[in-house]
Amino acid sequence: MKIVEISTTPLLVSYKKPFYWAQGVISGAEVILIEVKTDAGITGYGECIGSPSAGAIQLLLLQATELCIGQNPFNITRLIDDAHRYLFQAQGTLSAPRFGALEMALWDIVGKASNMAVHELLGGAVRDNIQYFGFPQGDKPEEIAAEAQMWAERGSEVIYVKIGRGEALDLAIVKQVRAAIGNNRRLRLDANEAWDILTAKRMMRKLVCYDIEFIEQPTPGTSLPALAQVKREGLISIAADQLVFTPEDVYDVCRLQAADVIVLGIHETGGIGRFREAAAIAKSAGMNICIHGLYETGITTCAMNQLAAVQHNLDDGNQYMNHFLMDDVIEGPNLTLKEGKLPILPGPGLGFEMNWDVVGRAAEAHKKRSH
């Protein structure tokens with residue numbers, strides 16, 4: 001089997017309502033759909049995040065995909081290693097996307113060709129389902145608290161709330177959410193790099209009375225020592241996120257004991273292979289990996305489902321972004337959480353079917369915004 005054609009399409013999939021966080025407001029998921037076609041008539045699909053510039057990322061993906069034409073799609077490790085070597089190391093573009101979309105599509109092909117789910121090809125599932133946290137949205141504390149109560153009533157054991165929007169607002173959000181969900185639900189916070197060390201320590205002293213399970217990336221992702229210093233305060237457990245991308249980053253967090261859990265996704269690591277390397281390093285240090293969500297569609301949700309199925313040190317409260325979408329680019333499976341969980345998807349491949357009507361509308365929406 002040989003790869004004969006690869007195409008990319010920028011998409012903009014609208015959210016049901018604005019997404020508020022420490023860095024601003026987001027109205028939709030901007031992604032780049034990648035389609036990898038083979039001479040056997042099998043097509044694999046993947047996606048990457050389109051920010052900060054979908055056009056620039058498309059050009060980089062084009063260079064990566066040129067390495068794959070005429071190659072055997074089963075040679076995933078070699079193809080992705082070549083992309084990293086010739087496009088990252090040779091050109092120094094270390095901040096460029098890590099081609100997770102391409103690797104997703106290759107695994108999708110291999111699974112379909114083998115008539116197996118990707119998690120079966122990776123050694124088999126070690127669990128029957130993936131557990132996610134309830135992720136309430138809103139601008140005002142009362143809106144967020146009302147959604148948090150809804151998630152708790154639907155069975156989510158863990159509730160996750162964005163803060164970092166100002167001290168008074170943050171405290172009001174946390175107070176109202178805790179009151180809404182009661183004392184039997186675990187509450188996690190994400191400050192998204194909004195605090196310096198002094199602010200983080202002050203806020204933790206004020207937040208500790210609300211029984212917070214952890215605060216995610218309270219300090220800037222540019223400083224690992226800052227995160228380590230806040231973690232040593234010991235008042236509330238700390239999760240590392242925006243400063244962890246590569247297996248080497250995970251090693252540094254573990255070596256410096258800078259966090260209690262690592263939040264990581266397929267888009268940060270650049271694919272399934274490097275995610276598994278990163279997760280193995282964390283496991284050796286006794287740390288869990290919590291799935292990170294970004295501006296993504298059901299394609300990523302399904303890919304991460306396959307990957308999470310085989311991870312021994314997967315956290316029991318992972319990030320889920322699919323409910324943000326007005327429409328999803330996949331036709332199935334149904335990705336609605338039941339009591340905060342999704343079953344392991346059976347495949348073949350990554351386990352989804354495309355919804356080409358939604359893809360077409362999302363492509364047009366991206367064109368309109370670009371012009």
Side-chain angles (χ1 to χ4, degrees), residues 13-21 26 28-29 31 47 117-119 125-138 143-162 177-178 180-182 184-190 213-214 216 239 241 261 263-267 288-311 313-347 350-355 358:
V13 185
S14 296
Y15 286 162
K16 295 174 182 175
K17 61 183 182 179
F19 169 51
Y20 293 89
W21 64 313
I26 295 170
V31 302
E47 71 177 3
V118 168
H119 73 262
V126 296
R127 56 182 51 82
D128 296 324
N129 54 63
I130 310 299
Q131 188 169 337
Y132 300 87
F133 50 63
F135 194 174
Q137 291 301 294
E143 297 175 68
I144 301 169
E147 278 211 13
Q149 183 177 3
M150 177 200 71
W151 281 108
E153 290 173 348
R154 290 181 179 178
S156 294
E157 294 293 328
V158 182
I159 305 297
Y160 171 95
V161 175
K162 293 288 188 181
V177 168
R178 174 51 80 190
I181 66 175
N184 295 325
R185 292 291 188 269
R186 293 148 58 193
L187 179 56
R188 298 177 176 181
L189 308 176
D190 184 3
E213 185 169 40
F214 71 57
E216 184 176 327
D241 181 0
V261 63
V263 181
L264 194 62
I266 199 169
H267 297 294
N288 278 356
I289 294 288
C290 176
I291 297 173
H292 186 238
L294 278 168
Y295 324 120
E296 58 201 29
T297 75
I299 293 175
T300 296
T301 306
C302 292
M304 282 305 311
N305 180 283
Q306 298 287 341
L307 179 51
V310 303
Q311 296 302 142
N313 59 326
L314 182 73
D315 193 68
D316 64 351
N318 296 285
Q319 193 163 15
Y320 173 84
M321 306 284 279
N322 199 260
H323 67 291
F324 288 7
L325 303 176
M326 184 75 71
D327 296 295
D328 202 348
V329 300
I330 66 170
E331 187 72 42
N334 185 346
L335 297 178
T336 303
L337 298 183
K338 294 183 179 180
E339 296 187 343
K341 299 176 183 178
L342 282 178
I344 304 302
L345 302 178
L350 296 176
F352 60 81
E353 296 290 336
M354 298 297 299
N355 186 326
V358 175

Got Met354 and Glu331 here, is their nearest side-chain heavy-atom distance under 4.5 Å?
no
If I compare all heavy atoms of Ala308 with all of Ile291, which pair ends up nearest, and what's the gap?
CB-CD1, 3.6 Å
To the nearest 0.5 Å, how far apart are CD1 in Ile181 and CD in Gln149?
10.0 Å
Quick check: do Leu264 and His292 have side-chain heavy atoms less than 4.5 Å from each other?
no
Shortest non-hydrogen separation from Pro136 to Ala148 and the atoms involved:
CB-N, 3.5 Å
Are any side-chain N or O atoms of Arg188 and backbone N or O atoms of Ala239, one a donor and one an acceptor, separated by less than 3.5 Å?
no
Are the charged groups of Arg186 and Asp316 less than 4.0 angstrom apart, N to O?
yes
Any salt bridge linking Glu147 with Lys17? Criterion: basic side-chain nitrogen under 4.0 Å from a carboxylate oxygen.
yes
Check Gly340 against Ser156 and note the closest heavy-atom contact, atom names and distance.
CA-OG, 4.0 Å
Please round to the nearest 0.5 Å and tell me the distance separating atom CG of Leu335 and atom NE2 of His323.
12.5 Å
Heavy-atom distance under 4.5 Å between the side chains of Ile289 and Asp315, does that happen here?
no
Are the aromatic rings of Phe133 and Tyr320 close, with centres under 6.0 Å apart?
no
Taking side chain as C-beta onward, heavy atoms only, is Tyr20 less than 4.5 Å from Gln137?
no
Side-chain contact, heavy-atom cut-off 4.5 Å: Pro333 with Pro343?
no
Backbone of Gly155 reached by a side-chain donor or acceptor of Glu339 within 3.5 Å
no
If you round to the nearest 0.5 Å, how far is CE of Met321 from CZ of Phe135?
5.5 Å
Any heavy-atom pair between the side chains of Glu296 and His267 that's under 4.5 Å?
yes
If you define the side chain from C-beta out and look only at heavy atoms, does anything of Gln131 sit under 4.5 Å from Glu157?
yes
Output, in order, the C-alpha distance, side-chain angles, deciding distance and verdict of side-chain contact (heavy atoms from CB on, under 4.5 Å) for Leu187 and Glu213.
CA-CA 6 Å; Leu187 179 56; Glu213 185 169 40; over 6 Å; no
In the structure I gave you, are the side-chain heavy atoms of Trp151 and Tyr160 within less than 4.5 Å of one another anywhere?
no
Smallest heavy-atom separation, Ile330 atom then Cys302 atom, equals CD1-SG, 3.9 Å
Atom pair CD1 (Ile344) and CD1 (Ile130), whose distance is rounded to the nearest 0.5 Å:
3.5 Å
Test side-chain contact (heavy atoms from CB on, under 4.5 Å) on Val158 and Arg185; report intermediate values, then the result.
CA-CA 6 Å; Val158 182; Arg185 292 291 188 269; over 6 Å; no
Nearest non-hydrogen partners of Ile266 and Ala303, listed with the distance:
CD1-CB, 4.3 Å
Name the residue from Leu342, Leu345, Leu350, Leu325 that meets the side chain to side chain contact (heavy atoms under 4.5 Å, CB included) definition with Thr301.
Leu342
Measure centre to centre between the rings of Tyr295 and Tyr15, then say whether the value is under 6.0 Å.
no
Polar side chain donor-acceptor pair, Asn355 to Asp328, under 3.5 angstrom
no
Over all atoms of both residues, closest heavy-atom pair of Ala117 and Pro346
CB-O, 3.3 Å
To the nearest 0.5 angstrom, please state how far the CG atom of Asn305 sits from the CG atom of Asn129.
9.5 Å
Once rounded to the nearest 0.5 Å, what's the spacing between atom OG1 of Thr297 and atom CZ of Phe324?
14.0 Å
